[in-house]
A.B. asks: 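A single structure is presented below for examination.
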Amino acid sequence: LYRRLLVIYEKSIGLSHPIVATTLHNLALLLMEQRRWSEAEPLLRQALAITERVVPPTHHHMWGLLGALARLVAHLGRRAEEEQLLNRMLPIVVFNVGEGDAMVANTLLRLGECVAEQGRLDEAEMFYRRALAIDEAAFGEHHFTTVRDLGWLARTLCDMGRLEEGERMFQRAIEASDITHGAGYEPVGVLLTERAEALIALGRGAEAEPLFHRASGIRGTAPVEAVE
């Protein structure tokens with residue numbers, strides 16, 4: 001359907017109209033859902049080129065296109081390019097929703113993950129702390145997003161060798177999750193396991209054992225991801 005629309009638009013209004021950019025964007029998202037990255041990328045780039053010509057640089061359509069393209073190149077392992085796109089996207093998000101919005105925190109999380117994958121853990125820590133501050137101020141210390149942010153920060157601290165700090169962050173995340181969701185909440189399983197591993201690395205195996213036992217009784221241990 002989207003391809004048929006593009007043919008119609010080409011004949012009736014040309015390929016530089018904003019509605020063409022929207023259609024290209026939607027088609028690209030559909031292809032991305034099917035993991036057809038190589039087909040989706042040129043469509044997103046064409047949509048972005050059109051949009052750059054017809055809207056202000058801080059328009060929310062730019063935010064959506066840059067975010068989608070960043071997600072695509074991340075799936076292709078092009079982290080440096082993803083970083084450039086997210087850095088371009090961040091001020092647009094701030095302009096549209098304000099510094100303290102959850103979407104700003106989410107973009108910071110994406111940047112943190114991106115630079116961490118490139119080995120720049122100090123920068124990742126900075127992004128994760130900024131995201132945590134925003135979400136904690138917006139939603140409180142026990143909210144799902146705060147727990148998510150604490151988990152990412154804890155992992156990064158452990159990867160940097162700062163195990164005591166990381167373990168404390170895992171503990172905060174687990175305690176917050178337990179208050180909000182109860183002790184059997186599935187995503188907390190991975191936090192329990194990671195805290196236990198940090199405790200073992202610190203030589204505190206006796207404290208780790210009950211955490212492993214609790215984690216083994218919780219199904220589903222996938223870490224909480226940033227929303228794309």
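These values consider heavy atoms only, across backbone and side chains, with no hydrogens, waters or symmetry-generated copies.
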A.B. asks: Applying the 4.5 Å side-chain criterion to the ILVMFWY set and letting contacts propagate, would L121 and W152 be lumped into a single cluster?
C.D. replies: no

A.B. asks: Going by the side-chain contact (heavy atoms from CB on, under 4.5 Å) test, name the single residue among L65, L31, L27 that passes it with L44.
C.D. replies: L65

A.B. asks: Taking the side chain as every heavy atom from C-beta outward, state whether V190 and R155 have any atom pair closer than 4.5 Å.
C.D. replies: yes

A.B. asks: Specify the closest pair of heavy atoms between N96 and H59, including all atoms of both residues, with the distance to one decimal.
C.D. replies: ND2-C, 4.2 Å

A.B. asks: May I ask you to say whether R120 pairs ionically with E83, meaning some side-chain N is under 4.0 Å from a carboxylate O?
C.D. replies: yes

A.B. asks: Identify the two heavy atoms, one from L72 and one from W37, that lie closest to each other, and give their separation to 0.1 Å.
C.D. replies: CD1-O, 3.7 Å

A.B. asks: Does Q118 have more than 12 heavy atoms from other residues, nucleotides or ligands lying within 6.0 Å of its CD?
C.D. replies: yes

A.B. asks: What I'd like to find out is whether the side chain of L211 reaches to under 4.5 Å of the side chain of T193, using heavy atoms alone.
C.D. replies: no

A.B. asks: In terms of the angle between their ring planes, are F144 and Y185 parallel, tilted or perpendicular, with boundaries placed at 30° and 60°?
C.D. replies: perpendicular

A.B. asks: Flag yes if L90 and F95 sit in one hydrophobic cluster, no otherwise; membership is Ile, Leu, Val, Met, Phe, Trp, Tyr, and two members link when side-chain heavy atoms are under 4.5 Å apart.
C.D. replies: no

A.B. asks: So, are E113 and R110 salt-bridged, with charged N and O less than 4.0 Å apart?
C.D. replies: no

A.B. asks: Does the distance from a Lys or Arg side-chain N to an Asp or Glu carboxylate O, for R88 and E52, drop under 4.0 Å?
C.D. replies: yes

A.B. asks: Can you establish whether the number of heavy atoms outside E164 located under 6.0 Å from its atom CD is more than 12?
C.D. replies: no

A.B. asks: Test of understanding: clusters of I, L, V, M, F, W, Y form through side-chain heavy atoms closer than 4.5 Å, transitively. Do L108 and V97 belong to the same one?
C.D. replies: yes

A.B. asks: Just wondering, do R148 and D135 contact through their side chains at under 4.5 Å, heavy atoms?
C.D. replies: yes

A.B. asks: Which pair of non-hydrogen atoms, one from L29 and one from A68, has the smallest distance, and what is that distance?
C.D. replies: CD2-CB, 4.0 Å

A.B. asks: Run the salt bridge (Lys or Arg N to Asp or Glu O under 4.0 Å) check on R168 and E165 step by step: do they pass?
C.D. replies: CA-CA 5 Å; R168 288 195 297 270; E165 292 177 75; 5.2 Å; no

A.B. asks: Please report the shortest heavy-atom distance between R195 and F170, naming the atom on each side.
C.D. replies: CB-CB, 3.6 Å

A.B. asks: Consider only side-chain heavy atoms of I, L, V, M, F, W and Y, link residues closer than 4.5 Å, and tell whether V55 and L85 are in one cluster.
C.D. replies: yes

A.B. asks: Check ring pair (Phe, Tyr, Trp, His ring centres under 6.0 Å) between H142 and all other residues, then give those that pass, not counting sequence neighbours.
C.D. replies: none

A.B. asks: Going by side chain to side chain donor-acceptor pair (under 3.5 Å), E81 matches just one of Q84, R78, R79. Which one?
C.D. replies: R78

A.B. asks: Should the heavy atoms of other residues, nucleotides or ligands under 6.0 Å from CZ of R214 be counted, would the total exceed 12?
C.D. replies: yes

A.B. asks: Regarding R172 and E141, does a basic nitrogen lie under 4.0 Å from an acidic carboxylate oxygen?
C.D. replies: no

A.B. asks: Charged N to carboxylate O below 4.0 Å: is that the case for D149 and R129?
C.D. replies: no

A.B. asks: Between R130 and V104, does a side-chain contact (heavy atoms from CB on, under 4.5 Å) hold up when you go through it step by step?
C.D. replies: CA-CA 9 Å; R130 287 175 62 189; V104 175; 5.6 Å; no

